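Working notes for the structure below.
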There are 2 protein chains.
Amino acid sequence: MNPWKLKLSQIRALLTVAEAGNFSEAALRLEVTQSTVSHAIATLENELGVVVFHRGRHGAQLTPVGERMVQDARQIQTLLENIASAAVHERGVDGGTVRIATFRSIATHVLPEAIARLHQVYPAIQISILEVDELYQLKQALSQGQADVCVAEMLLGEGFETIHILDDEYIALMPPQYGLRDAQLAMEDLYKYPLISSSHDSCSVRIRDRLREFDKDLEVTYRIRHDSSMAGMVQQGLGIALMTELAAKPVPDGVGVCRLPFPLSRPVGATLLKDALHSPAVYAFLDALQGIGAFAPAQVG
Amino acid sequence: MNPWKLKLSQIRALLTVAEAGNFSEAALRLEVTQSTVSHAIATLENELGVVVFHRGRHGAQLTPVGERMVQDARQIQTLLENIASAAVHERGVDGGTVRIATFRSIATHVLPEAIARLHQVYPAIQISILEVDELYQLKQALSQGQADVCVAEMLLGEGFETIHILDDEYIALMPPQYGLRDAQLAMEDLYKYPLISSSHDSCSVRIRDRLREFDKDLEVTYRIRHDSSMAGMVQQGLGIALMTELAAKPVPDGVGVCRLPFPLSRPVGATLLKDALHSPAVYAFLDALQGIGAFAPAQVG
DNA sequence: CTCAAGTATCAATTTTCTGCATACATGACA
DNA sequence: TGTCATGTATGCAGAAAATTGATACTTGAG
């Protein structure tokens with residue numbers, strides 16, 4: 001016997017007749033005709049080759065096999081309700097999941113506040129965070145449905161929709177021997193030590209291009225993967241790190257934070273798939289995220 | 001969302017796609033077309049208002065809600081298999097239930113052997129015994145589906161089918177003061193003490209009618225419900241009990257067992273509903289029961 | 001004997017499922 | 001960058017199945 005031959009209408013009829021005690025009453029409860037119930041049970045019995053109800057003047061009563069089946073049927077009912085309510089929760093804002101793809105710096109310095117704000121209003125929303133290093137990984141996570149939203153450098157491109165949150169200003173981390181001078185660098189300060197930048201595509205390209213605008217021979221010497229390693233190198237006096245404010249935190253002892261001689265920043269925002277259906281939980285998260293921008297303007301400390 | 005709107009084909013598709021990783025492979029496993037699978041998942045998603053799979057070049061992968069649903073779906077699958085296998089067990093002879101309606105004397109002296117023989121061959125068959133007092137209760141139990149078979153005085157009547165097992169001979173239990181004489185009574189012996197019979201319809205009627213054939217004034221004085229009470233009364237010297245051999249056991253000390261001056265017996269057999277579908281377990285039981293008749297001819301001890 | 005309360009069955013209709021053909025999407029690769 | 005391979009979506013028509021209304025059948029109760 002193939003269990004998938006069964007129909008849920010039969011399971012339902014089984015349960016209802018068992019409770020109602022007779023076919024006619026069950027039909028009323030199910031809002032179908034008695035004929036339908038009779039058919040449902042008859043087919044069920046034929047397919048299983050077993051008598052499930054004894055019928056008579058007094059209605060229908062379960063056989064021992066029927067009894068066992070009803071127990072399983074009840075559980076099936078519960079599970080179906082589970083499935084349905086999982087869907088309802090997901091659709092509703094009091095439940096649901098938001099999967100965020102992001103960079104480490106954002107995950108550390110921006111998301112916690114956003115999530116806190118979100119949970120003040122909707123404590124039941126689940127958050128999952130996917131930390132990646134490169135821009136293409138963000139795009140991939142969105143397109144392949146591993147994430148609902150990216151919070152990072154805004155992704156450009158067909159099919160994406162972005163919401164700007166804040167600008168993450170690039171600053172310079174100066175080695176201890178530079179001393180505590182003006183927090184505003186001049187161009188010539190950049191020649192005093194080797195330059196260090198992130199090895200990540202978007203950062204390193206943006207910095208390289210901007211430097212070339214002033215001096216096409218001004219090059220970055222070290223490209224380092226991890227933000228904290230860059231800061232560590234600066235602390236050891238190996239050079240000047242050019243990185244964004246958020247990525248720089250926490251700044252190691254002795255290291256100075258200075259404004260660059262030219263404006264440069266990375267736009268940070270939320271990116272979603274355009275034309276995709278987003279859950280209310282995602283919108284709630286976006287609201288919470290936008291609330292932050294207003295209170296955390298870029299600033300040099 | 002009404003959980004009963006779901007179809008098992010959708011649940012099945014959900015599970016198979018989740019395992020296969022893509023619609024096409026799932027379609028192969030389900031032996032349907034890719035179109036069918038696509039339809040199934042699409043309608044499921046529409047009905048639930050939730051995205052269950054992310055699709056792309058790389059096939060289909062579960063969303064978080066989908067993941068939760070699959071867990072429930074797996075359990076549903078198990079339960080469906082339970083239901084199907086309950087039916088198979090019931091139909092097969094290595095499982096199943098036989099519900100027997102019977103009288104106390106049969107339950108005590110005939111059934112144990114029959115059940116032992118049955119279980120030698122099919123140990124897994126479940127037996128349930130319903131003990132009743134009157135014939136009409138047997139009929140009712142059969143007709144209303146509370147029992148699969150009666151083992152008792154054979155039931156006559158439209159719609160019943162009977163199998164003769166043995167004849168339960170009526171004997172006389174003689175009071176102690178009667179002494180140990182010939183085990184064969186003469187008619188006049190019946191006048192020496194008051195007569196005692198069962199109060200149950202079939203017994204008392206059969207005995208009364210038979211006595212009247214010889215002497216229309218010969219009457220039973222006491223009608224007692226319980227066999228053991230009748231034997232007890234005989235032991236107290238209150239009269240002669242006319243009852244069947246099986247009902248008489250165990251015979252109390254001092255009480256004599258004698259053959260009646262005329263032949264009288266109760267046909268004992270199995271009765272089933274004619275035109276009803278009986279499970280293999282029932283037939284196996286009938287076989288075991290008939291095996292007994294050959295070895296247990298009516299005899300006076 | 002007849003009624004009342006229940007179940008079963010038939011044929012027609014409506015609904016749903018399925019498959020085919022084909023369009024659409026997208027990653028891989030030349 | 002264009003084409004291919006691989007995967008999914010969809011419109012439509014035929015097939016299958018559920019549902020129904022009418023009616024027949026069954027059986028206790030009075």
Side-chain angles (χ1 to χ4, degrees), chain A residues 4-14 16-17 20-47 51-62 136 139-145 157-159 273-277, chain B residues 4-14 16-17 20-47 51-62 136-137 139-145 157-160 273-277:
Chain A
W4 296 112
K5 270 282 190 69
L6 301 176
K7 282 123 208 141
L8 282 184
S9 57
Q10 294 173 328
I11 304 284
R12 195 186 183 189
L14 170 65
T16 313
V17 172
N22 67 63
F23 286 24
S24 318
E25 169 64 18
L28 283 181
R29 297 193 192 176
L30 292 173
E31 299 184 286
V32 296
T33 63
Q34 173 270 323
S35 169
T36 301
V37 175
S38 178
H39 257 138
I41 301 296
T43 345
L44 182 68
E45 291 182 326
N46 276 331
E47 285 170 347
V51 178
V52 176
F53 289 103
H54 287 297
R55 297 93 150 150
R57 180 72 183 71
H58 306 297
Q61 67 185 116
L62 285 167
Y136 81 90
K139 290 187 183 177
Q140 193 171 298
L142 270 191
S143 325
Q144 298 186 3
E158 180 83 10
L273 281 181
K274 193 151 59 189
D275 307 324
L277 208 117
Chain B
W4 297 112
K5 268 282 190 70
L6 302 176
K7 282 121 208 142
L8 282 183
S9 57
Q10 295 173 326
I11 304 284
R12 195 186 184 192
L14 170 65
T16 313
V17 172
N22 66 64
F23 286 24
S24 318
E25 169 64 20
L28 283 180
R29 297 193 192 174
L30 293 172
E31 300 184 288
V32 297
T33 62
Q34 173 270 323
S35 166
T36 301
V37 174
S38 177
H39 265 136
I41 301 296
T43 33
L44 180 68
E45 291 182 324
N46 277 330
E47 285 170 348
V51 177
V52 176
F53 289 104
H54 286 297
R55 296 97 150 145
R57 181 69 184 72
H58 306 297
Q61 66 185 117
L62 285 167
Y136 82 89
Q137 292 176 300
K139 290 187 182 178
Q140 193 172 297
L142 270 192
S143 325
Q144 297 186 4
E158 178 85 10
F160 291 127
L273 282 181
K274 192 151 59 188
D275 307 324
L277 209 117

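Values below: all heavy atoms of this structure, side chains included; hydrogens, waters and symmetry mates excluded. In this text the structure is predicted, and so the values were computed from the model without any measurement. Every chain is numbered from 1 and lettered A, B, ... according to where its sequence line falls, protein lines coming before strand lines.
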B:Leu8 CG - D:dA17 P separation (whole Å)
15 Å
So, do A:Glu47 and A:Lys7 sit near enough that their side-chain heavy atoms are less than 4.5 Å apart?
yes
In whole angstrom, give the distance that lies between atom CD of A:Glu31 and atom C1' of D:dT19.
14 Å
Hey, is the side chain of B:Lys7 poking within less than 4.0 Å of OP1 or OP2 on C:dT16, counting only N and O atoms?
no
Per the salt bridge (Lys or Arg N to Asp or Glu O under 4.0 Å) rule, what does the pair list look like for residues 34-43 of chain A, sequence neighbours excluded?
none
Starting at atom OH of A:Tyr136, determine the distance to atom C1' of C:dT26, rounded to an integer number of angstrom.
18 Å
Between B:Leu44 (CG) and C:dT16 (P), how many Å, whole number?
16 Å
Using modelled atom types only, decide if a donor and an acceptor are shared between the side chain of B:Gln10 and the backbone of B:His39 within a distance under 3.5 Å.
no
Using whole Å, what does the distance between atom C1' of nucleotide C:dG27 and atom NZ of A:Lys139 come to?
15 Å
In whole angstrom, give the distance that lies between atom CZ of B:Phe160 and atom P of D:dT27.
11 Å
Heteroatom pairs (N/O) under 3.5 angstrom, protein to nucleotides 3-9 of chain C:
residue : atom : partner : partner atom : Å
C:dA5   : O4'  : A:Arg57 : NH2          : 3.1
C:dT7   : OP1  : A:Phe23 : N            : 2.9
C:dT7   : OP2  : A:Phe23 : N            : 3.3
C:dT7   : OP2  : A:Ser24 : N            : 3.1
C:dT7   : OP2  : A:Ser24 : OG           : 2.8
C:dA8   : OP1  : A:Arg55 : NE           : 2.8
C:dA8   : OP2  : A:Ser38 : OG           : 3.1
C:dA8   : N7   : A:Gln34 : NE2          : 3.2
C:dA8   : N6   : A:Gln34 : OE1          : 3.1
C:dT9   : O4   : A:Ser35 : OG           : 3.3

Between atom CD1 of A:Ile11 and atom OG1 of A:Thr16, what is the distance when rounded to the nearest 0.5 Å?
11.0 Å
In chain order, what residues pass the side chain to side chain contact (heavy atoms under 4.5 Å, CB included) check against B:Gln61, with sequence neighbours excluded?
A:Gln146, B:His54
Using a heavy-atom cut-off of 4.0 Å across all strands, would you classify B:Val37 as base, sugar-phosphate, or nothing?
nothing
Salt bridge A:Arg12-A:Glu31, side-chain N to carboxylate O under 4.0 Å
no
Can you check whether B:Thr36 has a side-chain N or O nearer than 4.0 Å to OP1 or OP2 of C:dG19?
yes
Using atom CG of A:Asn46 as one end and atom P of D:dA18 as the other, report the distance to the nearest whole Å.
12 Å
Pairing donors with acceptors under 3.5 angstrom, does anything connect the side chains of B:Ser35 and B:Ser38?
no
5'-most contact on DNA chain C (nearest-nucleotide basis), A:Ser143 vs B:Thr43, goes to B:Thr43
Can you measure B:Leu28 atom CG to D:dT6 atom P for me and round it to whole angstrom units?
14 Å
